Amino acid sequence: MKYTFLIPFLLLIPVLILQMTVIPFLSFNGISPDLILILLVFYTIRNNQMYGTIIGFIFGGICDLAFGTILGSTMIAKTLSGFIAGYFSSENKIDSYLTPINFSLIIFLVGIIDNSIFSFFSSFNLSENFISSLLTNTIISSIYTSFISILVITSIPKRRLFE
Amino acid sequence: MSKFLHHFWQNFKEYLILIFLIIISLYLITLDSSPKTQKIRAIVFGSLSIINSVISDVIEFENVKAENERLRATNADLMLQLSKLRKDALLIDELKNSLNLKDTSKFQLISSRVISRFSNSSQETVTINSGRKSGVEIGMPVINGKGLVGIIFSVSDDFAVVKTLRNNTLNLTVKSERTGEHGVLKWKSNSLRIINVPKTYQIKKGDRIVVSELSSIVPIVVPIGVANSLENIETGIFNEIVVLPFVDFNKVEYVFVVPVVSSKQIRDLELNLLKKFK
């Protein structure tokens, strides 16, 4: 029971593999859902803000090494995502935050922050039109991830969702 | 004092941890291309790639039948082209011999399959199933039948990560085949662009863009795409040319690594020359 905090790390490996092998078939124009973000937000809501910040940091580091992105860029994005998601980790409201609609809205909000920070640190290009970049990549990508998160959260049995 | 610190930690521990982790991440950004990072990267993606490769094999199996049919037709077509090219090759060899030129076109291409892919709006990488054991090294160009796919970025024993052209950290010197004008190709605003092109350049829509022989990254001339449109015409003294790549990066499955890295000798000579002028 006390090792439950390790579950997200065990789940990270199959999720990473899914992200690299199956998700590319669902992507269009480089926009694809971020399963790692869904995993991070889910376990942050179930635990607490500090836990979310730390697993975000570790998940980000592993993603940077596995995907070949600039080391540290996903780390910062996921650390901040875990921190923001931590604001929704109240024990009294966990039932309401893990309903499909609320969960997808949290994913959308965290997704925007995650994508914006990642884009900023991975491209270092301020000369581009920031608003159009935000619209085309960040928001569409976050909507896509939040849509997938509805499918994920509804597929988890209620009994396991709150255990 | 200790009571104050304890109280401070209890109240602000989440923020303190966040700041600490962000500082570490920012520090790690500076270590991105260090050899130690490359080693760790190779171990991590190498281990993941073994599993990815198995899954990718299963997914691929479904497509093999249709692919075989298509390849048979292509084979017949290529056979006809080959007989024509053989004639031309003999003629070229003859001319080269008479001019005493070295043959630089014979590369033992390393064939590979894409087993996984990561893409977002600014960076795209693919993992291929050839690594150090097959002779793959960092910096080698990766091509397919249509043109340049990318550059080897990280290598483990059996796998390698390729930075595709759809990666904003890759800048490549290219030229227009028709006019011979050079420029720097970059992935920007979700398209491939030749940036900072002087307005006096004569590159037109439809011109073939190839890797320049001046490129310090890709030492061979490989096609990249065609010039599609001019952008940013009204402001500044430079244009940007949007290039439509020949390679469909979403559908790349089989690639070839060209076992050649840009000449260290040339680079050293150029650096020495720069030092002299300083």
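In the text below, chain A, chain B and the rest are named by the order of the sequence lines, each starting its count at 1. Values below: every heavy atom of this structure, side chains too, minus hydrogens, waters and symmetry copies. Since this is a predicted model, take the numbers as computed values, not measurements.
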>> With a 4.5 angstrom heavy-atom cut-off, is it the side chain or the backbone of A/Phe28 that approaches chain B, or both, or neither?
In response: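 Looking at A/Phe28, nothing touches chain B.
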
> Contact part of A/Thr79 toward chain B, heavy-atom cut-off under 4.5 Å: side chain, backbone, both or neither?
Replying inline: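 For A/Thr79, backbone and side chain are both near chain B.
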
> Do the rings of B/Phe118 and A/Phe67 sit parallel, tilted or perpendicular, given the 30° and 60° boundaries?
Replying inline: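 Aromatic pair B/Phe118/A/Phe67 classed parallel.
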
>> I'd like to know which of A/Leu80, A/Val22, A/Ile76 tops the heavy-atom pair count under 4.5 Å against chain B.
In response: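 Going by pairs under 4.5 Å, I would pick A/Ile76.
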
> Among A/Ala66, A/Gly60, A/Ser27, which has the most heavy-atom pairs under 4.5 Å with chain B?
Replying inline: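 Highest number of pairs under 4.5 Å: A/Ala66.
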
> How far apart are the closest heavy atoms of B/Arg41 and A/Asp64, and which atoms are they?
Replying inline: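 The answer is NH1-O, 3.0 Å.
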
>> Restricting to non-hydrogen atoms, name the atom on B/Ser25 and the atom on A/Phe57 that form the minimum distance, rounded to 0.1 Å.
In response: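 Minimum heavy-atom separation between B/Ser25 and A/Phe57: OG-CE1, 3.5 Å.
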
> Is the shortest heavy-atom distance from the side chain of B/Gln123 to the side chain of A/Ile70 under 4.5 Å?
Replying inline: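 The answer is yes, as the side chains (C-beta and beyond) meet within the 4.5 Å cut-off.
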
> How about B/Thr125 and A/Thr69: do any of their side-chain heavy atoms sit closer than 4.5 Å?
Replying inline: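 A side-chain contact under 4.5 Å is absent here.
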
>> Can you confirm whether A/Ile101 is buried at CD1, in the sense that more than 12 heavy atoms of other residues, nucleotides or ligands lie under 6.0 Å from that atom?
In response: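 It does not: A/Ile101 CD1 has 12 such atoms or fewer within range.
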
>> Around atom CZ of A/Phe9, are there more than 12 heavy atoms from other residues, nucleotides or ligands closer than 6.0 Å?
In response: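 Above 12, so yes.
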
>> Using modelled atom types and a 3.5 Å cut-off, is there a donor and acceptor pairing between side-chain atoms of B/Asp32 and backbone atoms of A/Leu71?
In response: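 Yes, B/Asp32 side chain to A/Leu71 backbone: donor-acceptor pair under 3.5 Å.
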
Gap between atom [atom2] of [Y] and atom [atom1] of [X] - 0.5 Å precision:
X       : Y        : atom1 : atom2 : answer
A/Leu65 : B/Ser154 : CG    : OG    : 9.0 Å
A/Ile17 : B/Ser49  : CD1   : OG    : 9.5 Å
B/Leu48 : A/Met20  : CG    : CE    : 6.0 Å

>> Suppose a student defines contact as a heavy atom less than 4.5 Å from any heavy atom of chain B. Which residues in residues 48-56 of chain A would they list?
In response: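 Under the 4.5 Å heavy-atom cut-off, A/Gln49, A/Met50, A/Thr53, A/Ile54 qualify.
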
>> By the definition side-chain contact (heavy atoms from CB on, under 4.5 Å), identify the one residue from B/Ile51, B/Ile55, B/Ile115 that meets it with A/Thr21.
In response: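 Output: one option passes, namely B/Ile55.
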
> Taking every heavy-atom pair that is under 4.5 Å apart, which of B/Thr30, B/Leu21, B/Val44, B/Ile17 has the most such pairs with chain A?
Replying inline: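 Heavy-atom pair counts peak at B/Leu21.
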
> chain A heavy atoms under 4.5 Å from B/Glu14: which part of the residue, side chain, backbone, both or neither?
Replying inline: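 For B/Glu14, heavy atoms of backbone and side chain both lie under 4.5 Å from chain A.
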
> For B/Ser47, is it the side chain, the backbone, both, or neither that has a heavy atom closer than 4.5 Å to a heavy atom of chain A?
Replying inline: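 For B/Ser47, no heavy atom lies under 4.5 Å from chain A.
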
